[in-house]
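Chain A is the first sequence line, chain B the second, and so forth, proteins listed ahead of strands; every chain is numbered from 1.
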Amino acid sequence: MTQTGKFVSRLPVAGGTGAVRVREADLSHAEAWDLHIQDPYISKTDRIDASWRWSTLYGRSATLEMLASRRLAYLQLVAPTATGEEFPLGQVLISDGFPYPPDESLPCAFLWYLAGTPAAALQQAGITPHKAVFAALVDMAIQFSFLSGYEGRICLHASPKGTQRQRADLMERYRGLGLKRWTGGWLVGWFRRNDGRYFYADSATAALLSSSLDAYR
Amino acid sequence: MGYAHEPTGSAEGLFSADAARRAIEREFIGRFFARLRVPASPKASPAARLHDLVEVLDSGRVDHAIEQLTPKSAPAVPQRFDEVPEFDYDAWRQRHR
């Protein structure tokens, strides 16, 4: 049985595992991300999130969730640099209590935004590349869902931005993780249209995904 | 002219625990809603006006306004990794009641 409600504390690196930690972030962390990671390492690339500004995303998401009377959680996955300071491997924004697409009478955790730190930024910070970061970021939403009493249910929307190839790749990444694509219903959640890019995990899928990282909790 | 929605007490849980930051965020939210004035129409239901507001926010079309209104405070200074507290769900929930 998987360890629900417990975040990863290590992730695989070459030759073993490295310590990581899930921490709560706020607007100052979004501003630090924009300054130290987004601007120098992402904004000038062709990544889907090249145009993002996390300080803006945080403000926009917080406003939207406030309209819906829902809570917003901003979490970072951090690792130690060569000098022992924290440095983000990635981060997520999670809506607490979003309607679960297969049954909107049930709440789930909605993974609003997700981003991983580029390899060049990690190298500059003296951090050994970690494996399974993408899975760990999705896992943060799953564990948040367990902690909220939603039995691991999550939902997310694969970004429609970028090239056709990038959009397809992102869909495949989520599918490859084991998430299910939501194909039913025109309206998802609150006033949103289903463009075929919504994914979800029911409680069984969440338990399966969670168990795949249990060795690192 | 009227607002589609005004911040209520239920918004409290979304603001930071830090008092100074909380004051900045509340001022931002107040000014942001003032910027997004939605004309009160006798024919549009509150749900319809709210839908319009959600669409505008969701589209990113007002991100420029959000960016202008978002106060620029100092970026977070990294802590020692060993001193970073793991996310405490119960404490977070308590602050965001």
Side-chain angles (χ1 to χ4, degrees), chain A residues 5-7 9 19-36 51-53 55-81 83-88 96 125 140 143-144 146-148 161 190-192, chain B residues 4-5 7-18 21 24-25 28-29 32-33 36 47-48 50-60 62-93 95-97:
Chain A
K6 193 173 179 186
F7 296 101
S9 61
V20 298
R21 191 160 298 158
V22 173
R23 66 112 84 234
E24 184 176 355
D26 61 27
L27 194 55
S28 70
H29 297 95
E31 290 165 352
W33 175 282
D34 286 341
L35 178 65
H36 299 302
S51 64
W52 291 5
R53 290 206 67 73
S55 51
T56 303
L57 295 181
Y58 183 85
R60 189 210 296 173
S61 302
T63 304
L64 271 169
E65 294 310 304
M66 180 171 61
L67 285 172
S69 297
R70 288 192 296 256
R71 288 170 286 264
L72 185 75
Y74 176 21
L75 306 179
Q76 288 187 328
L77 179 69
V78 299
T81 64
T83 53
E85 293 172 337
E86 60 168 330
F87 195 87
D96 175 18
M140 285 155 67
Q143 300 312 317
F144 182 91
F146 279 126
L147 288 165
S148 298
K161 301 288 177 65
W190 202 52
F191 301 122
R192 286 192 173 83
Chain B
H5 182 81
T8 68
S10 65
E12 286 303 308
L14 284 171
F15 296 113
S16 298
D18 178 75
R21 186 171 296 281
I24 292 170
E25 291 170 358
F28 155 62
I29 291 294
F32 182 65
F33 274 92
L36 290 181
L50 207 50
H51 174 271
D52 290 343
L53 184 60
V54 168
E55 279 225 324
V56 164
L57 284 166
D58 217 14
S59 70
V62 292
D63 279 354
H64 182 63
I66 292 176
E67 205 163 306
Q68 286 185 323
L69 292 173
T70 301
K72 298 294 181 281
S73 60
V77 175
Q79 293 180 240
R80 297 288 303 170
F81 175 81
D82 292 341
E83 295 170 4
V84 173
E86 184 177 78
F87 173 61
D88 182 337
Y89 177 85
D90 291 335
W92 173 87
R93 189 65 185 256
R95 279 185 280 110
H96 290 81
R97 279 184 301 178

K.L.:
Is the ring centre of A:Tyr58 less than 6.0 Å from the ring centre of A:Trp33?
P.N.:
no
K.L.:
Using 0.5 Å steps for rounding, measure from the CH2 atom of B:Trp92 to the CZ atom of A:Arg71.
P.N.:
5.5 Å
K.L.:
In terms of heavy-atom proximity below 4.5 Å to chain B, should A:Ala79 be classed as side chain, backbone, both, or neither?
P.N.:
backbone
K.L.:
With a 4.5 angstrom heavy-atom cut-off, is it the side chain or the backbone of A:Ala25 that approaches chain B, or both, or neither?
P.N.:
neither
K.L.:
Going by side chain to side chain contact (heavy atoms under 4.5 Å, CB included), name the residues that satisfy it together with A:Thr81, two or more places apart in sequence or in a different chain.
P.N.:
A:Thr83, A:Glu85, A:Phe87, A:Ala125, A:Ile127
K.L.:
Please flag which part of A:Asp34 lies under 4.5 Å from any non-hydrogen atom of chain B: side chain, backbone, both or neither.
P.N.:
neither
K.L.:
Between B:Val77, B:Val84, B:Asp88, which has the largest tally of heavy atom pairs under 4.5 Å with chain A?
P.N.:
B:Val84
K.L.:
At a heavy-atom separation under 4.5 Å, does A:Leu147 approach chain B through its side chain, its backbone, both, or neither?
P.N.:
both
K.L.:
Go through the structure and list residues passing side chain to side chain contact (heavy atoms under 4.5 Å, CB included) with A:Pro80, not counting sequence neighbours.
P.N.:
B:Phe81
K.L.:
Counting heavy-atom pairs under 4.5 Å with chain B, which one of A:Ser148, A:Ala19, A:Pro88 comes out on top?
P.N.:
A:Ser148
K.L.:
Can you tell whether the side chains of A:Glu86 and A:Arg21 come within less than 4.0 Å, N to carboxylate O?
P.N.:
no
